[in-house]
2 protein chains.
Amino acid sequence: MNLSPLVQSFVLHFGEMGSRWGIARTVGQIYAVLFVAERPLCADDIVERLGVSRSNVSMSLKELQSWRLVRLVHMPDDRRDHFATPEDVWQIVRTLVEERKKREIDPTLSVLRELLMQAPRTPEEVQAQARIRDMHEIIELMTGWYADVEKLETERLVQLLGLGSKVVKVLEMKDRLLVLPGSRPRPRRSDTAPS
Amino acid sequence: MNLSPLVQSFVLHFGEMGSRWGIARTVGQIYAVLFVAERPLCADDIVERLGVSRSNVSMSLKELQSWRLVRLVHMPDDRRDHFATPEDVWQIVRTLVEERKKREIDPTLSVLRELLMQAPRTPEEVQAQARIRDMHEIIELMTGWYADVEKLETERLVQLLGLGSKVVKVLEMKDRLLVLPGSRPRPRRSDTAPS
DNA sequence: CTGTTATTTCAGAAATGTCTGAAATAGCGG
DNA sequence: CCGCTATTTCAGACATTTCTGAAATAACAG
């Protein structure tokens, strides 16, 4: 491995985390190298820096491209393929979320929907379906939320994340402000006096 | 495998998805069985239903407990351990997020911080650190956001998720409402006319 | 078309991860 | 303490994934 100490630590960490993230060690290492690289690298650059086989680099790059985490770039006067990660880290996060959703959630959502279509045949299946329905609902709610906020410009998204739970405060304020003069506030559960 | 067809499909799917979710097949299957079960099950119940070895069940349950996705329950007049998943699916989601954060994000955050403390020794390391800083920032922002909204009651959280990107509309409205009479609206980038 | 360089494919080697059966341990009731 | 049941441990069998080197393919330049 032929890297400066700082970069090497970063790369080795990404390799080790690979198994937890569901990618092979080399895939993680290649991503890390490309992420911090000052310019797009070709396959041989990566072989040189990581000391893994050329074929492993080729397959790992294919995998990273299938995740859309690495893109193919062409350099002037060089017919070798070069590779780079997107510059914009927000774009990277969006891609990561989309791809993980596609692989880890969508197949399940599809199975759950099928199972909910079936007519239950026993009391046990009725119970199971109720439970599956809960799971389905919560996943739909969360993926729906993401599908919605994902459309926001990054600037807005950052703003929203920065607010955190304070948005709730703002929403409460909105409720109060929108009460027209003369009208009564809509009663809330917490406002109802115990009988 | 000794399960009703509907439950069996559910269980097999969780087993297959295991590899994508970073858990072993049996672990996924056991979780699925417990999730839809009408009552807490003991290890032998699980052996019976899944047809895997007793020792595998024991180890897999340990793993699920380490994820806090399954809890140990005691049944009256039975000294065997029984196991159940939390009833509340929102609690399950919270646990899942926390545990995945702990395993998949926190170690990286810690390494990134260390790397950012080091003094760079070459221009290459300066560039790498800048990139690492971007990554660190975005992860901090997202984990910070979650740490904040995680404190909300479920009811509020559901409300917020239901709104989706509409919160932004509400925030804009807040901006307008908070402009005091006589004051001018704060200029925005999109408001400035081209020179 | 030919020679050269770049990339991909793929069989099997190496490494890792999962699962089982047997044996060890734990814990309770008498 | 003993006998019984429940649970855990762990070596190694088995399965899967990852990686390599060699060969095939592709793609261009002359």
Side-chain angles (χ1 to χ4, degrees), chain A residues 1 11-12 14-34 40-67 69-84 103-104, chain B residues 1 11-34 40-67 70-84 103-104:
Chain A
M1 195 168 282
V11 165
L12 288 177
F14 267 60
E16 279 169 24
M17 291 300 282
S19 51
R20 302 199 186 183
W21 295 336
I23 56 176
R25 188 176 57 231
T26 310
V27 174
Q29 290 183 349
I30 292 179
Y31 183 77
V33 163
L34 291 176
L41 302 180
C42 71
D44 291 320
D45 292 335
I46 297 169
V47 168
E48 153 80 9
R49 294 179 193 209
L50 294 183
V52 295
S53 73
R54 182 54 237 273
S55 56
N56 191 0
V57 169
S58 177
M59 291 187 302
S60 299
L61 283 169
K62 275 273 138 60
E63 166 121 12
L64 283 168
Q65 284 176 278
S66 86
W67 278 82
L69 287 172
V70 154
R71 51 179 229 287
L72 181 62
V73 187
H74 279 109
M75 306 295 278
D77 303 325
D78 192 333
R79 65 191 179 86
R80 292 172 300 179
D81 294 341
H82 287 64
F83 301 89
R103 291 153 211 252
E104 300 183 8
Chain B
M1 196 168 282
V11 166
L12 289 177
H13 176 75
F14 267 60
E16 280 169 22
M17 291 300 282
S19 52
R20 301 199 188 183
W21 294 337
I23 56 175
R25 189 177 55 233
T26 310
V27 174
Q29 289 183 349
I30 291 179
Y31 183 77
V33 164
L34 291 176
L41 303 180
C42 72
D44 291 320
D45 291 334
I46 296 169
V47 168
E48 153 80 9
R49 294 179 192 209
L50 295 182
V52 295
S53 73
R54 181 57 236 271
S55 55
N56 192 359
V57 169
S58 176
M59 289 187 305
S60 299
L61 284 169
K62 274 273 138 60
E63 167 119 10
L64 283 168
Q65 284 176 277
S66 86
W67 278 82
V70 155
R71 54 177 225 288
L72 180 62
V73 186
H74 278 110
M75 306 293 280
D77 301 326
D78 192 334
R79 65 191 180 87
R80 292 172 301 177
D81 294 341
H82 287 66
F83 301 88
R103 290 152 211 252
E104 301 183 7

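In the text below, chain A, chain B and the rest are named by the order of the sequence lines, each starting its count at 1. These values consider heavy atoms only, across backbone and side chains, with no hydrogens, waters or symmetry-generated copies.
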### Query
Tell me: NE2 of B:His74 to P of D:dA6, nearest whole Å?
12 Å
### Query
Separation of A:Asp45 atom CG from C:dT7 atom P, in whole Å?
10 Å
### Task
Take the protein atom CH2 of A:Trp21 and the nucleotide atom P of D:dT17, then report the distance between them rounded to whole Å.
21 Å
### Message
side chain to side chain contact (heavy atoms under 4.5 Å, CB included) for B:Arg54 and B:Ser58? Distances and angles first, verdict last.
### Response
CA-CA 6 Å; B:Arg54 181 57 236 271; B:Ser58 176; 4.2 Å; yes
### Query
Tell me: CG of A:Asp78 to P of D:dA29, nearest whole Å?
12 Å
### B:Trp21 and B:Phe14 aromatic ring geometry - parallel, tilted or perpendicular at 30°/60° bounds
perpendicular
### Task
Write down the distance between CD (B:Glu16) and P (D:dA15), rounded to a whole number of angstrom.
17 Å
### Summary
Each nucleotide of nucleotides 12-30 of chain C classed B (base within 4.0 Å of a protein heavy atom), S (only sugar-phosphate) or -, in 5' to 3' order, makes ----S-SBBB-----B---
### Query
Reckon A:Asp81 touches a base, only the sugar-phosphate, or nothing at all at heavy-atom distances under 4.0 Å?
sugar-phosphate
### Message
Using only atom types and a distance under 3.5 Å, with no angle test, would you say the side chain of B:Arg20 pairs donor to acceptor with the backbone of A:Arg103?
### Response
yes
### Whole-Å distance separating the CG atom of B:Leu61 from the P atom of D:dA6
15 Å
#### Entry: Separation of atom CG in A:Asp77 from atom P in C:dA6, rounded to whole Å
14 Å
### Query
What are the two closest heavy atoms between A:Leu69 and A:Tyr31, and how far apart are they?
O-CE1, 3.5 Å
### Task
Report the C-alpha distance between B:Phe83 and B:Val73 in whole Å, list the side-chain angles of each, state the deciding distance to 0.1 Å, and finish with yes or no for side chain to side chain contact (heavy atoms under 4.5 Å, CB included).
CA-CA 5 Å; B:Phe83 301 88; B:Val73 186; over 6 Å; no
### Query
Whole-Å distance between D:dT8 C1' and B:Arg80 CZ?
17 Å
Identify every side-chain donor-acceptor pair in residues 41-50 of chain A under 3.5 Å, counting partners at least two apart or on other chains, and give the distances.
{"unit_1": "A:Asp45", "atom_1": "OD2", "unit_2": "A:Arg39", "atom_2": "NH1", "d": "3.4"}
{"unit_1": "A:Asp45", "atom_1": "OD2", "unit_2": "A:Cys42", "atom_2": "N", "d": "2.9"}
{"unit_1": "A:Glu48", "atom_1": "OE2", "unit_2": "A:Asn2", "atom_2": "ND2", "d": "2.7"}

